[in-house]
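Quick note: numbers below take in every heavy atom, side chains included, and nothing from hydrogens, waters or symmetry partners. Computed from a predicted structure; not experimentally measured.
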Amino acid sequence: MIKVNGEANEPEFPVGQGRKYDVYFFDKSKEINGKKYKLSAIHKDSKETIQLYEWDIENNKSGAKFFLDKAGLWKFTVSIDDEPYTSFIIEAVKK
């Protein structure tokens with residue numbers, strides 16, 4: 001996941017400010033093109049769960065546009081056609 005807008009010197013995940021991201025899928029063992037992915041997140045401390053984005057995958061790439069309303073660690077979860085795919089941790093930072 002790579003941020004594609006905003007300022008170069010800001011955090012990758014600034015709190016309270018929407019950003020656009022390119023999302024890449026590198027697992028070549030599964031055919032995922034033409035499928036729909038969903039991105040959700042849960043905040044480590046508050047346990048708040050939010051749905052961030054949903055879109056089609058083309059050429060092992062998609063996009064995402066969202067904002068996070070709380071600073072701290074978030075666990076992002078990715079599913080493809082409602083099947084678990086991967087998860088990872090990010091840190092949202094106040095700008």
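Note on Glu12 versus Arg19: no salt bridge recorded, every NZ/NE/NH1/NH2 to OD/OE distance being 4.0 Å or above. Taking 4.0 Å as the cut-off between side-chain N and carboxylate O, Asp82 and Lys38 count as a salt-bridged pair.
The distance from the NZ atom of Lys35 to the CG atom of Asp56 is 12.5 Å, given to the nearest 0.5 Å. In this structure, the separation between CG on Asp27 and OG1 on Thr86 is 9.0 Å, given to the nearest 0.5 Å. Here the OH-CG distance, from Tyr53 to Leu39, works out to 10.5 Å after rounding to the nearest 0.5 Å. A distance of 4.0 Å separates CG in Asp22 from NZ in Lys61, rounded to the nearest 0.5 Å. Atom CD in Gln17 sits 11.5 Å away from atom CG in Leu68 (nearest 0.5 Å). A distance of 12.0 Å separates CH2 in Trp74 from CZ in Phe13, rounded to the nearest 0.5 Å.
Across all non-hydrogen atoms, the minimal contact from Pro11 to Lys3 is O-NZ, 3.5 Å. Across all non-hydrogen atoms, the minimal contact from Glu10 to Asn5 is OE2-O, 3.9 Å. Smallest separation of non-hydrogen atoms from Ala71 and Lys94: CB-CG, 4.2 Å.
Under the 3.5 Å distance criterion, with hydrogens and angles disregarded, no donor-acceptor pair is assigned to the side chains of Asn59 and Asn33.
Within the 4.5 Å cutoff, the side chain of Lys70 has heavy atoms near those of the Glu48 side chain. Side-chain contact between Phe25 and Ser62 is present, with heavy atoms from C-beta onward closer than 4.5 Å. Contact check for Val15 versus Val93: no side-chain heavy atoms found under the 4.5 Å cut-off.
Counting non-hydrogen atoms of other residues, nucleotides and ligands closer than 6.0 Å to CG of Asp69 gives a total above 12.
Note on Tyr85: it clusters hydrophobically with Trp55, by side-chain heavy-atom contacts below 4.5 Å among ILVMFWY residues. Ile42 and Leu52 sit in two unconnected hydrophobic clusters of ILVMFWY residues. Membership requires side-chain heavy atoms under 4.5 Å apart, directly or through other members.
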| query | What's the verdict on ring pair (Phe, Tyr, Trp, His ring centres under 6.0 Å) for Phe66 and Tyr21, showing C-alpha distance, side-chain angles and the deciding distance? | reply | CA-CA 9 Å; Phe66 61 85; Tyr21 300 86; 4.9 Å; yes
| said: Go through it in stages, so that I can follow the logic: the residues are Lys75 and Leu73, the test is side chain to side chain contact (heavy atoms under 4.5 Å, CB included), and I'd like the CA-CA distance, side-chain angles, deciding distance and then a yes or no. | reply: CA-CA 7 Å; Lys75 181 179 181 181; Leu73 297 177; over 6 Å; no
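When hydrophobic residues (I, L, V, M, F, W, Y) are linked wherever their side-chain heavy atoms come within less than 4.5 Å, the members clustered with Ile2 are Tyr24, Phe26.
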